[in-house]
Novice: 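What follows is a structure written as structure tokens; I'll ask about it next.
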Amino acid sequence: MKFYLDDLPILFPYDYVYPEQYAYMRDMKRALDGKGHCLLEMPSGTGKTVSLLSLIVAYQLHYPERRKLIYCSRTVPEIEKALAELKRLMDYRHAQGAKEPFLGLGLTSRRNLCVHPDVSREKHGETVDARCRSLTAPWVREQHQQQQQTGDQMNVDVELCAFYEHLENADDSATIPSGVYTLEDMKEWGRENTYCPYFLARRMIPFANVVIFSYHYLLDPKIAELVSKEMSKDSIVVFDEAHNIDNVCTESLSIDITRPMLDASARSCRALMDKVTELKASNSEKLQNEYSRLVEGLREVQAARETEELMANPVLPEDILHESIPGNIRRAEHFVAFLQRFVEYLKTRMRVLHVVSENSNAFLQHVKEVTFIDKKPLRFTSERLGSLIRTLELSDLADFRNLQKVAAFATLVSTYQKGFLLILEPFENDQDTIPNPVLHFVCLDATIAIKPVFDRFSSVIITSGTLSPMELYPTLLGFKPLVIESYPMTLTRNCFLPLMVTRGSDQVAISSKFEVRNDLAVVRNFGNILLEFAKITPDGLVCFFPSYLYMESIVSAWNDIGMLQEVLKYKLIFIETPDAAETSIALENYRTACNNGRGAVLLSVARGKVSEGVDFDHQYGRAVILFGIPYQYTESRLLKARLEYLRDHSNIRENDFLTFDAMRHGAQCVGRVLRGKSDYGIMVFADKRFARQDKRAKLPKWLARGVTDASLNLSTDMAVALSKQFLRVMAQPVGDAEQGTQGGTRVAGRHGRVGVSLWDEKMVADVAAAERIQQQKSAGVLQPGTVGIAALR
Amino acid sequence: MDLLDADDDVKKAGYAWEDTYKRSWDLLLEDEAGSLETAVDRLKQQLKRARRTLRFGTVRRGIVRNVVLVLDASAAMAEQDLKPNRMETTLKLARQFITAFFDQNPLSHLSIVVTRGGLAERWTQASGNPTDHIDALQSKGPTRDLYGEPSLLNALSLARTILAHAPAHGTREVLTVFGSLTSCDPGNIYDLIPQLNQDRITVNIIGLASEVHVCKAVCASTRGQYRVIMNEDHFDEIMTGWTPPPPLVREDGDARPRLMEMGFPRRRKPRRRPVSFLCACHPFRPEQRGFTCPRCLSVVCELPTECPVCALTLVSSPLLARSYHHLFPVMPYVATNLVASTHSALPPSAFAATILGGVYACPSCRQPFCLDCDIYVHSHLHNCPGCI
């Protein structure tokens with residue numbers, strides 16, 4: 001269908017548009033017009049991605065500025081999905097006669113894009129990176145060329161990647177025709193034309209209209225500098241599934257250092273030293289060249305490298321010193337000795353058997369006292385190490401990974417003082433007696449990493465299914481949004497049933513509060529909830545616990561009182577573990593059990609892998625039970641430090657942040673079962689604290705709308721009775737009450753939904769006209785011509 | 001519902017604490033006009049029920065049906081959300097269904113399969129005699145001993161072997177009542193679906209609790225229907241919906257009617273003194289009543305059946321006539337704007353047993369009917385009394 005938002009024609013690849021999609025696009029356009037940031041919450045399964053892409057593509061192609069779209073998503077499957085959606089949209093636009101040159105690309109790691117026959121068979125990302133580098137590094141190629149020039153073809157033992165060579169030799173002529181390329185298309189095209197898809201994608205980014213990649217390409221300074229520096233200022237940046245963005249920001253600047261890492265670093269230092277001596281004996285000219293280059297300054301060095309993202313500076317671009325490297329680390333052997341000293345210093349710090357928490361300044365002071373290492377050379381550690389590795393022509397960087405981390409740590413700790421904290425924890429648990437020290441260098445302030453993004457780009461759109469409470473995000477991320485909006489889901493039947501179960505059938509209040517969580521009554525009542533819902537729920541049932549620790553303890557308690565055996569009569573039980581491979585096997589079997597009618601329960605953790613990336617649509621999740629509020633582990637020192645920082649600097653009370661964090665994870669978990677309008681599911685919140693206003697107010701709007709007063713304070717049996725009825729109603733066939741979906745099922749039973757949850761072209765036009773009139777009234781005067789830009793609400 | 005079923009409720013009501021949690025105030029709702037919506041809804045439902053059984057136009061129907069009725073006898077059937085429990089309700093409705101089924105489809109065969117404890121067993125042999133099945137349902141059989149989990153795969157495999165011998169001109173249907181939410185199968189049920197399709201078997205399932213994916217998948221891929229009941233009335237309604245013969249769809253798109261050889265046997269003349277004799281179908285059971293096959297002159301004891309000697313289909317003409325009405329259904333009556341408050345408002349020839357509700361008229365003879373008569377004509381009589 002085609003409709004107009006003000007003067008902007010939008011081609012939407014479906015016959016109908018949901019009202020919330022229309023509102024979403026309208027508000028996003030407002031933000032784009034005003035060149036401001038916006039924060040939009042829209043329930044999952046309502047076609048968020050497609051409306052976002054339709055609007056922005058229409059916007060790009062209609063207005064002469066051609067603002068580039070940078071779309072960031074979390075995982076590779078999500079990137080794939082977005083690319084597929086974009087491809088569909090562009091196909092539709094072409095079918096509608098809109099012929100325009102357009103390039104859409106996805107960028108991901110080498111592992112997903114490599115087409116080299118041997119290298120692509122490697123499983124681990126790091127191995128692929130290392131092997132790729134050993135085939136494509138400039139000095140390797142140089143060596144190859146030299147060997148070829150010397151003429152003895154027989155002795156060419158340096159291998160190169162044919163795909164990369166072809167791309168390099170093709171110079172500027174290596175471009176891909178316009179169109180949208182999914183990752184698989186890109187590989188296919190690379191294979192056919194013997195171009196390396198990874199490097200081709202990177203090369204094409206400046207020319208693409210839409211680029212889709214992971215958050216890290218923008219947020220992690222190590223990568224962002226290389227990939228994203230050429231993006232123009234008026235690009236539109238979208239962060240999808242962004243409810244966790246503050247954590248991604250802090251994590252991108254945090255580093256953990258352990259004992260084994262330091263040992264490996266020390267070994268690497270020795271290896272470096274050997275190399276340096278060796279090189280000095282054979283070819284001291286190279287080292288001399290490097291030295292003189294370092295005297296001249298850093299920038300020139302930086303310009304020389306293009307493919308070497310591993311040595312990138314971990315510091316944000318504007319914090320990099322534009323000076324030359326200090327004298328005491330210019331010579332290679334001096335620098336290695338310097339590194340050794342620093343590593344040894346860290347080792348001694350690790351021997352301490354009590355918890356240390358200090359800020360960067362205190363740490364630097366101590367470093368200076370003990371080892372006479374100054375702050376300034378420390379800041380250059382990362383750069384200097386990169387330069388040394390290049391000079392030594394080391395291509396197998398896997399061995400130096402740990403040393404690089406230590407160097408990155410040195411650079412970060414000496415660059416940033418505010419918003420960072422060093423915490424040394426000698427023991428993993430408080431009860432442990434064998435020390436396993438970890439030095440955490442934590443970033444407490446999410447604004448630091450994301451600030452350059454907000455500063456550089458005029459429109460940043462942050463969107464997700466669960467962003468409530470939305471007032472907190474601007475403070476956490478330090479920006480001023482032009483539009484903040486949350487959209488409800490228009491439904492012609494209520495396809496989800498939120499139930500706040502506050503007490504068991506015996507009327508004992510249930511809660512995962514620390515003091516009562518191990519009470520037998522609470523454990524038994526939690527078990528009863530599981531049992532009762534296992535009895536009445538068809539196919540899949542997903543449960544979330546606040547932590548692995550609590551899950552383990554409660555599951556063993558259930559085992560002791562025979563609860564698990566009871567549940568096993570009705571359904572199979574699968575448990576998520578911290579091991580990714582184990583969990584994926586469990587998930588696979590869980591899905592099989594849901595498919596063939598055996599039915600299964602999946603016990604998982606609210607912050608685990610399952611709660612974030614895995615969808616439980618249709619039969620895979622007919623009900624989800626949230627046992628307790630998924631608060632973070634509040635005794636964690638890192639969390640305490642962050643809370644303290646937020647209280648002091650952002651005026652966010654500890655409790656507010658904790659509840660906010662718990663509820664967004666809770667909403668994320670329960671949202672897993674509802675992946676579209678044709679889907680349905682029960683959402684059980686089992687904790688008496690959920691009934692409180694402060695918790696409920698932090699649920700997303702679309703979810704909160706489904707919470708009626710009647711479902712606020714239920715006992716188990718009441719919840720079960722409501723659920724039974726709900727399941728029967730939902731099982732009634734298509735056509736009687738089915739929702740409109742934009743996919744294949746929408747043909748049946750369309751009547752009754754059109755106008756409610758589906759709008760066709762005419763209705764959209766009517767609504768737009770009504771809005772215009774409304775807004776003219778509120779503006780007081782009729783000013784033709786200015787109508788389009790002013791706010792619509 | 002409460003108002004109208006008050007009498008029944010008194011009889012059925014168990015102890016209060018056995019009842020599930022009910023929010024009784026939700027059952028009776030007044031709308032803006034102050035009327036009782038639920039009561040109105042019930043009338044609407046009645047109307048819908050009457051209309052449901054009507055299928056418009058002429059459709060090819062398979063009036064010779066081969067049906068396997070699969071009953072779940074797992075522990076889940078002991079649930080008491082239907083009173084007195086799911087199994088008893090199912091048995092009651094199954095008896096009604098079998099009576100109605102043979103009434104409307106006299107040329108058909110039916111067999112009952114029961115599944116529990118992960119196994120499936122054949123309870124009654126395929127036969128066209130309703131009393132066999134009804135007796136079985138009333139007797140103390142596996143349906144009184146509920147345990148374990150049902151196995152959809154085993155039940156369908158068994159049904160498949162039963163239906164494998166059914167003649168090609170009839171339909172092959174599996175009608176399943178499934179109370180459990182799980183199915184305990186020895187293999188992959190999705191491997192069975194192509195085989196079912198190959199044998200032209202249609203699987204229909206009634207779920208008693210909620211929608212189970214595997215049932216939905218099996219029904220969808222065998223062109224059957226999967227329904228989940230809301231309550232007992234709804235259960236009854238769906239089960240009754242199975243009685244009229246289903247429209248016949250052939251995959252090969254062959255629309256020509258197929259001719260079928262049939263014999264109309266003559267009843268053996270009753271002697272003055274009853275004499276027992278042996279029939280060809282039950283060699284060890286003395287019979288007093290018999291029919292002679294017109295082709296081979298062997299004696300069979302009941303109709304309809306297949307002659308055990310010459311394999312001719314034996315029917316009686318009244319049975320055939322009874323099946324006939326499905327092919328030419330009574331036209332649906334149209335609602336008139338006449339509102340009957342008393343009998344005097346209607347012409348004296350009107351067919352009106354009660355005077356509540358609207359008045360409906362036959363489109364061809366223009367005779368007025370009340371709602372109850374409308375339902376009766378369409379569900380039982382199959383002839384319009386006005387037109388005759």
Side-chain angles (χ1 to χ4, degrees), chain A residues 497 505 532-541 567-572 591-601 617-623 678-682 708-711 714-737 745, chain B residues 17 19-27 48 74-76 79 81-82 118 147-153 155-156 178-193 205-220 225-231 234-235 238 241:
Chain A
L497 179 72
S505 301
E532 291 300 321
F533 276 91
K535 271 186 201 166
I536 62 157
T537 316
D539 303 325
L541 169 65
V567 175
L568 274 172
K569 276 188 198 162
Y570 302 96
K571 291 201 187 300
L572 304 179
R591 285 177 189 274
T592 318
C594 292
N595 267 333
N596 65 19
R598 188 64 194 81
V601 178
D617 49 339
H618 296 100
Q619 75 268 25
Y620 300 123
R622 281 301 179 211
S678 63
D679 201 357
Y680 64 89
I682 302 170
T708 55
D709 284 345
S711 61
L714 298 171
S715 63
T716 309
D717 49 342
M718 291 157 94
V720 167
L722 285 175
S723 306
K724 270 188 187 166
Q725 190 56 30
F726 172 78
L727 286 170
R728 283 188 201 276
V729 173
M730 285 297 127
Q732 296 314 307
V734 183
D736 286 358
T745 54
Chain B
W17 57 85
D19 212 2
T20 52
Y21 170 72
K22 258 189 206 160
R23 294 200 285 144
S24 50
W25 55 90
D26 275 1
L27 290 174
K48 200 173 129 201
S74 65
E79 284 270 324
D81 50 357
L82 300 174
Y147 66 88
E149 282 153 343
S151 170
L152 196 59
L153 176 63
L156 292 182
F178 209 67
S180 172
L181 293 178
T182 62
S183 164
C184 188
D185 296 336
N188 186 357
I189 194 158
Y190 293 95
D191 293 342
L192 184 70
I193 292 176
I205 300 180
I206 294 182
L208 298 189
S210 53
E211 187 185 83
V212 178
H213 174 72
V214 70
C215 297
K216 201 176 176 183
V218 168
C219 291
Q225 277 199 335
Y226 178 50
R227 302 293 303 271
V228 175
I229 63 159
M230 294 292 293
N231 49 37
H234 193 215
F235 191 6
I238 299 171

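Quick note on labels: first sequence line is chain A, next is B, and so on, each numbered from 1.
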Novice: Taking only Lys NZ, Arg NE, NH1 and NH2, and the carboxylate oxygens of Asp or Glu, determine whether B:Asp81 and A:Arg728 approach each other closer than 4.0 Å.
Specialist: yes
Novice: For B:Tyr226, is it the side chain, the backbone, both, or neither that has a heavy atom closer than 4.5 Å to a heavy atom of chain A?
Specialist: neither
Novice: Which atoms of A:Thr537 come close to chain B, meaning under 4.5 Å heavy atom to heavy atom: side chain ones, backbone ones, both, or neither?
Specialist: backbone
Novice: So how far is it from B:Ser210 OG to A:Met730 CE, rounded to the nearest 0.5 Å?
Specialist: 12.0 Å
Novice: Working to the nearest 0.5 Å, report the span between CD of B:Glu211 and CG of A:Leu727.
Specialist: 9.5 Å
Novice: Do you know the tightest heavy-atom contact between A:Pro538 and B:Val212?
Specialist: CB-CG2, 4.0 Å
Novice: Run the salt bridge (Lys or Arg N to Asp or Glu O under 4.0 Å) test against B:Glu149 and tell me which residues pass, sequence neighbours left out.
Specialist: A:Arg598
Novice: With only heavy atoms counted, which part of A:Val729 is less than 4.5 Å from chain B, the side chain, the backbone, both or neither?
Specialist: both
Novice: Is A:Tyr570 in contact with chain B via its backbone, its side chain, both, or neither, using a 4.5 Å heavy-atom distance?
Specialist: backbone
Novice: Please enumerate all residues that pass salt bridge (Lys or Arg N to Asp or Glu O under 4.0 Å) together with B:Glu79, with sequence neighbours excluded.
Specialist: none
Novice: Quick check for you: to the nearest 0.5 Å, what is the distance between B:His234 atom NE2 and A:Gln732 atom CD?
Specialist: 4.5 Å
Novice: Between B:Asn188, B:Ile189, B:Ile229, which has the largest tally of heavy atom pairs under 4.5 Å with chain A?
Specialist: B:Ile229
Novice: Which heavy atom of A:Asn596 sits nearest a heavy atom of B:Asp185, and at what distance?
Specialist: O-OD2, 4.1 Å
Novice: Side chain, backbone, both or neither: which part of B:Leu153 has a non-hydrogen atom closer than 4.5 Å to chain A?
Specialist: neither
Novice: Below 4.5 Å from any heavy atom of chain B, which atoms of A:Tyr620 appear? Answer side chain, backbone, both or neither.
Specialist: neither
Novice: Taking all atoms of both residues into account, what is the closest heavy-atom pair of B:Leu181 and A:Lys535, and its distance?
Specialist: CD1-O, 3.2 Å
